[in-house]
S.K.: 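If you scroll down you'll find the structure; I have some questions about it.
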2 protein chains.
Amino acid sequence: MKRRTAPALDRDRLIAASFAVLEAEGMEGLSMRRVAAHLGVQAPAIYWHVGDKAELLGLMARDIYAAAYAAVPQIEDWRGWLRRFAQALRSSLAGHRDGARLCAVAKPAAASDPHESAARITAPLIALGLTPQTALSFQAAVISYTLGWAMFEANGPMHDFLDRMMIFEDSFETGLDAMVAGFEPQAA
Amino acid sequence: MKRRTAPALDRDRLIAASFAVLEAEGMEGLSMRRVAAHLGVQAPAIYWHVGDKAELLGLMARDIYAAAYAAVPQIEDWRGWLRRFAQALRSSLAGHRDGARLCAVAKPAAASDPHESAARITAPLIALGLTPQTALSFQAAVISYTLGWAMFEANGPMHDFLDRMMIFEDSFETGLDAMVAGFEPQAA
DNA sequence: ACCTGAACACCGTTCAAGT
DNA sequence: ACCTGAACACCGTTCAAGT
């Protein structure tokens with residue numbers, strides 16, 4: 001017997017609880033105290049498992065990105081992969097209340113080892129024949145576009161109006177297709 | 001004589017002070033109390049001139065966008081206009097500390113009259129021959145891309161690493177050119 | 001009309017102390 | 001090792017009261 005009582009918290013349960021609070025209260029209701037309450041614990045307990053709130057947000061954002069990567073199907077060429085990835089990221093962001101705002105505020109947890117995370121991020125594109133340089137460039141552009149779009153789309157009051165002037169889905173695809181198609185001549 | 005003492009505040013001085021605090025303290029140091037202190041006034045005084053903090057942030061964001069629109073030179077076609085606008089927006093965002101984060105958090109002050117603001121936003125493109133529909137679509141895509149990129153770029157730790165793997169300036173242009181070029185066939 | 005003073009209900013975080 | 005209790009230095013916002 002290593003311990004008499006199992007610990008009440010671990011990183012995974014902490015992150016899960018944080019998402020639960022986010023879903024229920026939104027981004028500005030996401031406080032350390034509320035997350036703690038959701039876990040039946042005092043706020044300072046969280047600091048045993050995580051350095052500070054910024055790190056917690058970083059971990060949440062990381063999960064959102066990870067879900068997107070995991071959702072991209074096997075695909076035969078980099079154009080298709082980029083398109084599928086962008087769609088997956090968009091729906092991963094839309095899958096959580098204030099998901100885009102969360103990712104905007106959070107610094108990437110990737111900060112721990114940027115070299116490794118850049119490699120992981122570009123690996124699929126490199127496998128499909130792009131050079132590391134172009135892979136990074138294209139991927140950065142697609143992520144930027146998708147994240148920016150998600151924020152645009154999540155912006156309440158403007159949304160209702162734009163909804164009557166354009167189909168978000170279609171316009172997102174329009175921009176995405178344009179970008180990917182425009183990459184074509186640069187892939188050499 | 002309408003009043004014995006001129007008011008200490010007005011909206012413009014309030015916004016200017018807010019930018020000053022933002023520059024000095026960054027986004028998380030931007031508190032109502034600090035802005036008030038910068039103006040030699042008590043925090044509650046601000047609420048006479050502005051409904052709440054969100055509205056103040058919205059006004060700041062609006063200024064950043066307005067600066068971008070103002071900086072776009074007269075141009076002969078919509079491709080050029082879109083490219084110039086994106087560059088102007090990127091440098092307007094980069095012109096203030098945490099500019100991208102600010103715009104991410106702020107709801108558009110445009111919320112007041114979305115119809116009018118959408119019209120103003122698309123006017124230049126419509127004047128250059130696009131339909132309102134495509135103008136809105138293209139403009140939304142370009143804004144999303146640029147805002148997303150600026151956030152990407154502003155993200156400290158990742159930045160230093162990426163800086164050694166790619167030129168931000170060049171990669172931004174790569175994606176932008178790709179998108180605008182890809183719009184071409186859709187402009188019909 | 002425009003601002004102050006005092007207060008309310010919160011925050012994130014630290015740190016000794018408990019087990 | 002892991003959590004609590006109490007505290008510190010802040011927040012945004014409201015509201016009576018002053019001028």
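Lettering of chains follows the sequences in order, A, B, ..., and the numbering in each one begins at 1.
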S.K.: What base-paired stems does DNA chain D take part in, with at least 3 consecutive Watson-Crick or G-U wobble pairs and both distances under 3.5 Å?
M.R.: C:4-8 with D:12-16, C:12-16 with D:4-8
S.K.: Check whether any side-chain N or O of B:His49 sits under 4.0 Å from OP1 or OP2 of C:dA1, and answer yes or no.
M.R.: no
S.K.: Less than 4.5 Å apart, side chain to side chain, heavy atoms only: is that true for A:Leu147 and B:Phe152?
M.R.: no
S.K.: Between D:dA7, D:dC11, D:dC2, which nucleotide has the shortest distance from any of its atoms to the side chain of B:Arg33?
M.R.: D:dC11
S.K.: Is there a side-chain contact between A:Leu125 and A:Thr134 in this structure, where contact means two heavy atoms from C-beta onward sitting under 4.5 Å apart?
M.R.: no
S.K.: Out of C:dG12, D:dT4, D:dG12, which has the shortest distance to the side chain of A:Ala45?
M.R.: D:dT4
S.K.: Can you identify which nucleotide, out of C:dC11, C:dG5, D:dT13, has its nearest atom closest to the B:Asp52 side chain?
M.R.: D:dT13
S.K.: Is a donor on one side and an acceptor on the other found under 3.5 Å between the side chain of A:Thr122 and the backbone of A:Ala118?
M.R.: yes
S.K.: Hydrophobic clustering (ILVMFWY, side-chain heavy atoms < 4.5 Å, transitive) - are A:Tyr69 and A:Leu93 grouped together?
M.R.: yes
S.K.: Does a side-chain heavy-atom distance below 4.5 Å link A:Phe138 with A:Val180?
M.R.: no
S.K.: Taking the side chain as everything from C-beta on, heavy atoms only, tell me whether A:Phe183 gets closer than 4.5 Å to A:Arg79.
M.R.: no
S.K.: Might you list the N or O atoms of the protein lying below 3.5 Å from N or O atoms in nucleotides 16-19 of chain C, with each pair's distance?
M.R.:
none

S.K.: Side-chain contact test, heavy atoms from C-beta onward, threshold under 4.5 Å: evaluate it for B:His96 versus B:Met27 and give yes or no.
M.R.: no
S.K.: Compare the minimum distances between each of D:dT14, D:dG5, C:dT4 and the side chain of A:Pro44, then state the nucleotide with the smallest one.
M.R.: D:dG5
S.K.: Whether A:Glu55 and A:Arg62 form a salt bridge (side-chain N of Lys/Arg under 4.0 Å from carboxylate O of Asp/Glu) is what I want to check.
M.R.: no
